[in-house]
Amino acid sequence: IKSENEYVKYVTKNHGNLLTHGSLKDVSASLSNKSFFCRIHRSYIVNLTYISYVEGNRVRIQGDFFPISESYRSDFFKVWK
């Protein structure tokens with residue numbers, strides 16, 4: 001899930017990309033009870049089940065790398081095992 005200005009882009013496995021008006025703050029609040037999603041950056045929320053591996057300050061998901069920012073790093077490593 002990626003923030004794109006006033007929109008949120010959902011990249012899905014089966015349904016392609018979906019773009020909706022909103023913010024990651026709202027999405028994060030609605031996903032708070034879903035333990036397999038985690039915010040890793042001000043611009044990204046990831047599904048933990050699709051992470052291939054963690055390398056330094058980034059995660060790899062399906063061949064792409066996404067940054068883990070310092071402000072979300074601690075929370076990410078509490079749920080990533």
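Separating the CZ atom in Phe66 from the CG atom in Asn57 is a distance of 15.5 Å, to the nearest 0.5 Å. Ser69 OG to Arg39 CZ: the interatomic distance, rounded to the nearest 0.5 Å, is 8.5 Å. Atom-to-atom distance recorded for Asn17:CG and Thr12:OG1 is 7.0 Å, nearest 0.5 angstrom. The SG atom of Cys38 lies 7.5 Å from the CD1 atom of Ile51; values are rounded to the nearest 0.5 Å. Separating the NE2 atom in His21 from the CG atom in Asn5 is a distance of 10.0 Å, to the nearest 0.5 Å. Atoms NZ and CG, on Lys9 and Leu24 in that order, are 13.0 Å from each other to the nearest 0.5 Å.
One hydrophobic cluster holds both Ile40 and Ile61 under the rule that ILVMFWY side chains link at heavy-atom gaps under 4.5 Å. Cluster annotation: Phe36 and Phe77 are assigned to distinct hydrophobic clusters (Ile/Leu/Val/Met/Phe/Trp/Tyr, side-chain heavy-atom contacts under 4.5 Å, transitive). Linking ILVMFWY residues whenever their side-chain heavy atoms come closer than 4.5 Å, directly or via other members, places Val46 and Trp80 in the same cluster.
For Phe65, the CZ atom is densely surrounded, since the number of other residues' heavy atoms within 6.0 Å is greater than 12. Within 6.0 Å of CD on Glu55 lie more than 12 heavy atoms contributed by other residues, nucleotides or ligands. Within 6.0 Å of the CD atom in Gln62, the count of heavy atoms belonging to other residues, nucleotides or ligands does not exceed 12.
For the pair Ile68/Val54, a side-chain contact is recorded, criterion being any heavy-atom separation below 4.5 Å from C-beta on. In this structure the side chain of Val79 never reaches within 4.5 angstrom of the side chain of Ser35, judged on heavy atoms. Using a 4.5 Å heavy-atom threshold, the side chains of Phe37 and Leu48 count as separate. Within the 4.5 Å cutoff, no side-chain heavy atoms of Leu19 are placed close to those of Tyr10. Proximity of Ile45 to Val8: side-chain heavy atoms (C-beta onward) are nowhere separated by under 4.5 Å.
A side-chain donor-acceptor contact under 3.5 Å links Thr49 and Asn47.
Residue Ile1 is tested with Val11, Val27, Leu18 for a side-chain contact (heavy atoms from CB on, under 4.5 Å); the sole match is Val27.
In terms of modelled atom types and a separation under 3.5 Å, the side chain of Arg73 and the main chain of Phe76 share no donor-acceptor contact.
The minimum heavy-atom distance linking Lys13 with Tyr50 is given by the pair CD-OH, 3.6 Å.
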